[in-house]
Amino acid sequence: MKPFTYERATTPAEAAAAVARQPGAKFLAGGTNLLDLMKLEIETPRHLVDVQDLKLDRIEPTKDGGLRIGALVTNTALAADTRVRRDYGVLTRAIVAGASGQLRNKATTAGNLLQRTRCPYFYDPNMPCNKRKPGSGCAAIGGYSRQLAVIGSSDQCIATYPGDMAVAMRVLDATVETVKADGTTRAIPIADFHRLPGDKPHLDNNLEAGELITAVTLPRPLGGTHHYKKVRDRASYAFALVSVAAVIQKDGSGRVAFGGVAHKPWRVEAADAVMTQGAAAVTAKAFANARPTEDNAFKIPLATRALAATIAEGKSA
Amino acid sequence: MMSEMEMSRRGVLAGSAAATALAAAPQVEAQLAKAAAPPTMPVSLTVNGKRRDLNLDTRTTLLDALREHLKLTGTKKGCDHGQCGACTVIVNGERINSCLSLAVQHQGDEVKTIEGLGTPDKLHPMQAAFVRHDGYQCGYCTPGQICSAVAVLDEIKRGVPSHVQADLSARPQPTNIEMRERMSGNICRCGAYSNIAEAMAEVAGAKA
């Protein structure tokens, strides 16, 4: 790790200002992703602003009948909340499908959204990587790409976003609330939070420098049956090859988002609309214009079968 | 002969090497003097019931603080990247990977390590069960397994859900499949898993 100075922030606006004013400063919440990357010197912040004292760890009802989840609510606490289990089951299922118990106890809601790709070339500082070092090239294109993106990728980067929680949040139409260094706040729909690589693969998301996530809000409950199906090489503690987050209503209509296939949770509203026609109709629309590699083309039929199994479970529930 | 030696290739090379070495030493010294010392900070935490005050390089993980500075070497460094669970300790009642946490993040926290769970003279029931059920071979993952196992039974009791739970509205039970899922963050190269699960089942049953 490169040396760094460390401070504890006492208010969200102060934290945002502290990061904005110092080049090379980053927020530190749970640290389960950032410290991993710092040990490999993929991330080299010179100053850390620890946000654990900011009192952003509550889950509260919103006036629209939804929930506001504080940025610092741990993955475990969020998954275990009675209201989430009862009304947003897809979110609990997605969270407990990810990582390990130890990691879920420390990882925070905001940090989970910000986790970086697990592309093996991003993680290997000896390899060219446009995300890690803009302009250096992409060793994944033409390399081992089994776990990488089939859609939304570019000629500069085929990395995927690896998290599970965000896929459920995408299917639930969550909103990310933030505060900037100047104190102004905004609400970013989850669909617009993560970026596709394009020609700026070094940018994972649309936050500005020093912009601090304060909460994630969920709209009022959707009802229906809630599913998170994660297909992976091991039964536990492995990233998704493909995952399916779905909320299905009694009449067979519903909505679905796919994980493991792109640099953001992949949901196409036009694909939702044909849910009653079955999985193949949905994935034909969701993965139209896909650009898989030879190594990862299997993900598209796999997504279809995973969704078919999910729809069948919904019918028998 | 001696004067001939001095003018030989060996003599010229040895002489010039010595001259170069003498010339380099002051440059290295200057560079070392210029390099700033890495930032350090004081941090106080309670470890196994005792308050400990440390002054640490900010980069020190909780794991390294425990092992290198407090000499509590029961907790192990298996991978240093949160992937093996050998570094599992219990902080404020919850299990975490101490390798992915900075010591300075834990100002004022209560940390329990394997040394705090039990001693050879006074084994924690989970330790005793691991012995009875042969829940280890080389023993390297074992402190992390035991800390995790104790925490898992507590998580089940507190109703924390898991990936294998069919009904999210029900209370989880300490079944074999539940315990295997919840322990998936602790790996064991010796393969003592089935005996670890039996040790946990015994302790869970005793509590029921």
Side-chain angles (χ1 to χ4, degrees), chain A residues 1-8 28-40 46-48 50-53 74-82 84-86 88-107 123 164 226 228 230 234-238, chain B residues 35-41 43 57-62 79-85 87-102 104-107 109 144 147-148 151-152 155 158-165 167-170 172 177 180-187:
Chain A
M1 265 193 229
K2 299 264 193 247
F4 55 86
T5 48
Y6 168 95
E7 72 174 280
R8 291 261 188 125
L28 174 67
T32 53
N33 192 228
L34 181 59
L35 294 176
D36 184 30
L37 295 169
M38 285 171 67
K39 288 183 187 203
L40 297 166
R46 303 174 58 174
H47 183 63
L48 289 181
D50 190 326
V51 295
Q52 66 174 280
D53 295 334
T74 64
N75 286 173
T76 297
L78 180 53
D81 185 274
T82 341
V84 175
R85 293 155 81 155
R86 184 189 63 215
Y88 305 93
V90 61
L91 183 54
T92 291
R93 292 241 179 253
I95 290 170
V96 298
S100 67
Q102 293 95 313
L103 291 171
R104 293 191 296 268
N105 285 343
K106 192 103 189 302
Y123 257 82
D164 297 297
H226 286 228
Y228 191 73
K230 184 174 183 180
R234 291 188 294 278
S236 186
Y237 200 15
Chain B
T40 61
M41 281 183 76
V43 58
D57 186 319
T58 51
R59 296 170 291 178
T60 311
T61 58
L62 177 60
C79 74
D80 211 26
H81 283 276
Q83 296 173 14
C84 76
C87 69
T88 306
V89 295
I90 299 174
V91 177
N92 298 342
E94 291 196 313
R95 57 174 173 152
I96 65 163
N97 292 322
S98 59
C99 71
L100 286 188
S101 205
L102 297 173
V104 291
Q105 288 180 269
H106 293 284
Q107 173 66 30
D109 282 350
C147 285
S148 242
V152 158
E155 284 168 13
R158 285 189 281 117
V160 173
S162 88
H163 174 59
V164 297
Q165 200 173 325
D167 178 3
L168 286 182
S169 63
I177 183 90
R180 280 160 50 197
E181 162 60 23
R182 292 165 188 267
M183 293 293 288
S184 69
N186 288 82
I187 59 180

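All values below come from the heavy atoms of this structure, side chains included, with hydrogens, waters and symmetry mates left out.
For the set B:Asp57, B:Val152, B:Val160, B:Leu102, the entry with the most heavy-atom pairs within less than 4.5 Å of chain A is B:Leu102. Contact count against chain A (heavy-atom pairs under 4.5 Å) is highest for B:Leu168 among B:Asn97, B:Leu168, B:Val164. Contacts with chain A were tallied for B:Arg180, B:Arg182, B:Glu181; B:Glu181 has the most, counting heavy-atom pairs under 4.5 Å. Note on A:Arg86, A:Arg234, A:Arg93: by heavy-atom pairs under 4.5 Å with chain B, the leading option is A:Arg93. Options A:Ser236, A:Ser100, A:Gly31, A:Ala235 differ in how many heavy-atom pairs under 4.5 Å they form with chain B, and the most are formed by A:Ser236. Of all the listed residues (B:Ser184, B:Pro38, B:Ala151), the one sharing the greatest number of non-hydrogen pairs under 4.5 Å with chain A is B:Ser184. Top candidate by heavy-atom pairs under 4.5 Å with chain B, chosen from A:Val96, A:Asp50, A:Asn33, is A:Val96.
Contacts between A:Ile95 and chain B at a heavy-atom distance below 4.5 Å are absent for every atom of the residue. For B:Asn92, no part sits under 4.5 Å from any heavy atom of chain A, backbone or side chain. Only the side chain of A:Leu48 comes within contact range of chain B, judged by heavy atoms closer than 4.5 Å. In this structure, no portion of B:Ile187 lies under 4.5 Å from any heavy atom of chain A. Residue B:Asp80 touches chain A through both its backbone and its side chain, counting heavy-atom pairs closer than 4.5 Å. Only the side chain of B:Glu155 comes within less than 4.5 Å of a heavy atom of chain A; its backbone N, CA, C and O stay farther away. Only the backbone of B:Ser162 comes within contact range of chain A, judged by heavy atoms closer than 4.5 Å. In this structure, no portion of B:Thr40 lies under 4.5 Å from any heavy atom of chain A. In this structure, no portion of A:Lys230 lies under 4.5 Å from any heavy atom of chain B.
Around CZ of B:Arg158, the count of heavy atoms belonging to other residues, nucleotides or ligands within 6.0 Å exceeds 12.
Side-chain atoms of A:Thr76 and A:Asn105 form a donor-acceptor pair, as typed in the model, at a separation below 3.5 Å.
Take B:Ser148 and apply the side chain to side chain donor-acceptor pair (under 3.5 Å) test, not counting sequence neighbours, and it matches A:Gln102, B:Arg95, B:Asn186.
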